[in-house]
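Working notes for the structure below.
Numbering of ligands and ligand atoms starts at 1, following listing order. Small disclaimer: the values here were computed from a predicted structure and weren't measured.
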Amino acid sequence: MSHVGGGAATNFRVAVRVRPLNAREASARSPTCVLLESEKTLTINNLNAGERPISSSTPTEHRFVYDRVFGPSASQSDLYATAVRPIVSSVLQGYNGSVIAYGQTGTGKTFTIEGALEGEQRGVIPRAVQDIFTHIQYLVRVSYLQIYNEKISDLLQPSSDANLRIRERGNGEPYGLSEHVARRAEDVYKLLAAGKNQRVTNSTSMNRVSSRSHAVFTIVVEHSSQRAGKAGGNVVTIGKLHLVDLAGSERFEASSNEKHQKETANINTSLSTFGKVVLSLTSKHHRHAPYRDSKLTRILQNTLGGNCMTTMITTVTLAAINYLESLASLKFASRAQHVKNHAILNEDKDEQALLSSYKTEIERLKAQLAKAERVQREKEELAAKIAEMEV
Ligand SMILES: Nc1ncnc2c1ncn2[C@@H]1O[C@H](COP(=O)(O)OP(=O)(O)OP(=O)(O)O)[C@@H](O)[C@H]1O
């Protein structure tokens, strides 16, 4: 699943991850409906989905081909190595990268993006952080936001405004979002754990601890190197990595309480706009993409059809009872494969990078030090002269 900088066709990739039956489904001996055929192909059928009303009672099977398919036994480390590490490598070179988990509630988005902080079950974020910190020559800063009920809040500064506005210019960045410089992986894990505590969760029929907000964890890496060739001088590259855990798509349940219904409606606003943007980007007529219709799509504007190397990981379950939701997710993922992104190297031409401002600060401090040394020297010379005269 390699991404190549600049090549539009390879900059948006789609993987599917099929989660195993959970304990409840396994103990109920739930039948399955997804079959993996190869590393890139799967089929889904309605043969065992009879318990739920389906549009057609005739047996149907759909076959889909993706950039990569991860089966129920695929490990967190397999998924990271194949679908995510190439993006992290590009980010370290100065490209924008995104990994987005999309799928029905309870199918493994949070498990994939976060997972555990330690051990084999570590998800994408801790593995990416570990990879980044093996390269000590980078300056790393992180931010973490959630979108809940169409409001953006800072998960790393919970006391701040709970409804951050998005900058009109600046690629969907919210005003006032805190950024934290991290010197080692442990710094990031602490921030991640603190932010995770602030995230809104609730119980859905599919998932006891369901994320009710969309969460975007961003890691910015800056690197300063000597420019090759005659021009010489220093060049600072800035790579930005968005790791996105979307709230799950869930059927609207009329019986649920008002708060839950509002949440579901708002999750659906952002998700349906996300869907509409993907549909318009992949339509033959190049319709206008409605990025501005939801907070999520404004923040992810570069990620979808813009300057970014993106992998969308669509999660589905094996269980036949969810045939219709899984089919909808798989069809969407198949369509998303036609999104085209154009990733370009981000060099700091405007000296906006933190490293550039550090450089300026270092120059200022050096000048101050030289001045202080000069004054000290002059003082010493004067003291010596006085001593001579006193003799
Ligand atoms: N590939 C997998 N292997 C083993 N367990 C998994 C896998 N994917 C998910 N699970 C388990 O299934 C449960 C639900 O997963 P998770 O919370 O990640 O779902 P989600 O898609 O983020 O749901 P929501 O949208 O409701 O937040 C968790 O207990 C998780 O550990």
I'd like to know if G103 contacts ligand 1, where contact means a heavy-atom distance under 4.0 Å to any ligand atom. no
Below the 3.5 angstrom mark, is there an N/O of G106, backbone or side chain, next to an N/O of ligand 1? yes
Just which atoms of ligand 1 are under 4.0 Å from any heavy atom in G248? 25 (O)
If the threshold is 4.0 Å, N to carboxylate O, is there a salt bridge linking R298 and E173? no
In terms of atom number and element, which parts of ligand 1 are under 4.0 angstrom from non-hydrogen atoms of K109? 18 (O), 19 (O), 20 (P), 21 (O), 22 (O), 23 (O), 24 (P), 25 (O)
May I ask you to check if ligand 1 and G108 share an N or O to N or O distance below 3.5 Å? yes
Side chains of residues 113-121: which donor-acceptor pairs under 3.5 Å do they make with residues two or more places apart or in other chains?
from : atom 1 : to   : atom 2 : distance (Å)
E114 : OE1    : K196 : NZ     : 2.6
E114 : OE2    : Y144 : OH     : 3.0

Steps toward ring-ring contact (aromatic ring centres under 6.0 Å, His included) verdict (Y102, F274): CA-CA 10 Å; Y102 171 94; F274 181 85; 5.8 Å; yes
When R17 is tested against each of T315, T112, T314 for side chain to side chain donor-acceptor pair (under 3.5 Å), which residue passes? T112
Under a 4.0 angstrom heavy-atom cut-off, which atoms of ligand 1 come close to Q104? 21 (O)
Under 3.5 Å, side-chain donor or acceptor atoms of residues 183-195 against the rest of the protein: list the pairs with distances, not counting sequence neighbours.
from : atom 1 : to   : atom 2 : distance (Å)
R184 : NH1    : D187 : OD1    : 3.2
D187 : OD2    : R183 : N      : 2.8
D187 : OD2    : R184 : N      : 3.3
Y189 : OH     : P126 : O      : 3.4

Please verify whether a non-hydrogen atom of T107 lies at under 4.0 Å from ligand 1. yes
Considering only heavy atoms, does A74 approach ligand 1 within less than 4.0 Å through its side chain, its backbone, both, or neither? neither
Would F111 count as a polar contact of ligand 1, with the cut-off being nitrogen or oxygen pairs under 3.5 Å? yes
State whether D131 and R85 are salt-bridged, where the test is any N-O pair (Lys NZ or Arg NE/NH1/NH2 against Asp/Glu carboxylate O) under 4.0 Å. yes
Please determine if T105 has a nitrogen or oxygen closer than 3.5 Å to a nitrogen or oxygen of ligand 1. yes
What I want to know is whether T110 and ligand 1 share at least one N or O pair that is separated by under 3.5 angstrom. yes
Examine R68 relative to Y66 and say whether NZ or CZ is less than 6.0 Å from the centre of the six-membered ring and inside a 45° cone about the ring axis. no
Using a 6.0 Å cut-off, check whether atom CD of E61 has over 12 heavy atoms from anything other than its own residue. yes
